[in-house]
K.L.:
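Here's a structure for you.
Throughout, residue positions are numbered sequentially from 1 according to the sequence presented.
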Amino acid sequence: MLGLGNTNTTGSSEKHFHPNDISDCVLALLAGDIVTSSTAGTVISWGDQSGAYAAPIFAYQSEAGKRPAYYDSYITFDGSNDRLALTELNLSTKKEITLDVSDNGFTIIVICTSDDWNGSAQALLGDPDDSENYFRMKNGADKFEYKANDGDNLVFNLDDPTALTDNTYYSIMLICASDGTLTLYINNTAQSDTETDTDDFKFEQIGMRDASGNPLDGNLKHVVVYDKALDSDERALINTWSQQYIG
């Protein structure tokens, strides 16, 4: 398993939690660790650290002038259609990640801000080919929306719809159990409004769901995906790890 080393004031090396310390991590994009950028700070690639695939993350090549920008420990999307696409080492080959519901479910974690949580819909993850799969903020009232394989649009109403503050980092966690039960966690607090969808979820793009969809306007620190539903102990590890980034 991989770990992040950090040197403390005594000069010794201290082991810190890494998303790969939980099994079945299929995507780990940590903004502070490995980002390749141009001299202008524009993101050219965002390296996957899960080890599950041999594919780095590349800025969507047909929108080279609209790539997101990198600022030391976060990536900024300015709402101008900038986005990142999963590709193989060959830039022309797309990499689609499919999360199987029936095979232990899945977990998606995005640590991000929004310039307007209560404004227009903003996609976190999506599939640009057919617009059938996405996980996004929904227009108005601090809601989140999920759709898999052209199924129903499932809307999560937050327990406290006024709780999300603009330009504040939150840990957004979506857990799908093997029976299709979807639970949304905000900073590790489960929202009471659960939904059900037994269709698999697939995505190959971050920041926007399709070329005519709604772009993200905010910052991303981390995107972590597991090919299983995390249990309570694993959620506690993620919660402890994410505390340093939220707020």
K.L.:
Can you name the nearest heavy-atom pair linking Ala31 to Ser73, along with the distance?
P.N.:
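Ala31 and Ser73 have their closest heavy atoms at CB-O, 3.5 Å.
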K.L.:
What are the two closest heavy atoms between Gly247 and Thr168, and how far apart are they?
P.N.:
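Closest pair (atom of Gly247, atom of Thr168, distance): C-CG2, 3.6 Å.
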K.L.:
Which residue pairs satisfy the ring-ring contact (aromatic ring centres under 6.0 Å, His included) criterion with at least one member in residues 173-195, sequence neighbours excluded?
P.N.:
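Residue pairs with at least one partner in residues 173-195: there are none.
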K.L.:
Should Leu237 and Tyr226 be regarded as members of a common hydrophobic cluster, given that ILVMFWY residues are connected when their side-chain heavy atoms come within less than 4.5 Å of each other, either directly or indirectly?
P.N.:
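Both belong to a single hydrophobic cluster.
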K.L.:
I'd like to know whether CG of Asp152 has more than 12 heavy-atom contacts from other residues, nucleotides or ligands below 6.0 angstrom.
P.N.:
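Atom CG in Asp152 is not packed in, count stays at 12 or less.
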K.L.:
Hydrophobic clustering (ILVMFWY, side-chain heavy atoms < 4.5 Å, transitive) - are Val155 and Leu164 grouped together?
P.N.:
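Unlinked, Leu164 and Val155 end up in two clusters.
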K.L.:
Does the Thr183 side chain pair with the main chain of Thr194, one donor and one acceptor, at a distance under 3.5 Å?
P.N.:
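Such a contact is absent between Thr183 side chain and Thr194 backbone.
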K.L.:
Could you check whether the rings of Tyr170 and Trp117 sit parallel, tilted or perpendicular, using 30° and 60° as the cut-offs?
P.N.:
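Ring orientation, 0 to 90° scale: perpendicular.
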K.L.:
Indicate, with yes or no, if the rings of Phe203 and Phe135 have centres closer together than 6.0 Å.
P.N.:
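Centroid separation for Phe203 and Phe135: 6.0 Å or greater.
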K.L.:
Tell me if the centroids of the rings in Phe58 and Trp46 come within less than 6.0 Å of each other.
P.N.:
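For Phe58 and Trp46, the ring centres are not under 6.0 Å apart.
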K.L.:
Checking the side chain of Ser50 only, and the main-chain atoms of Ala52 only, is there a donor and an acceptor separated by less than 3.5 Å?
P.N.:
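It does hold such a pair.
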K.L.:
Keeping to residues at least two apart or across chains, list the ring-ring contact (aromatic ring centres under 6.0 Å, His included) pairs with something in residues 63-86.
P.N.:
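Passing the test, one end in residues 63-86: Tyr71-Tyr74.
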K.L.:
Please, which pairs that meet side chain to side chain donor-acceptor pair (under 3.5 Å) have at least one residue in residues 172-181, sequence neighbours excluded?
P.N.:
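Passing the test, one end in residues 172-181: Asp179-Thr181.
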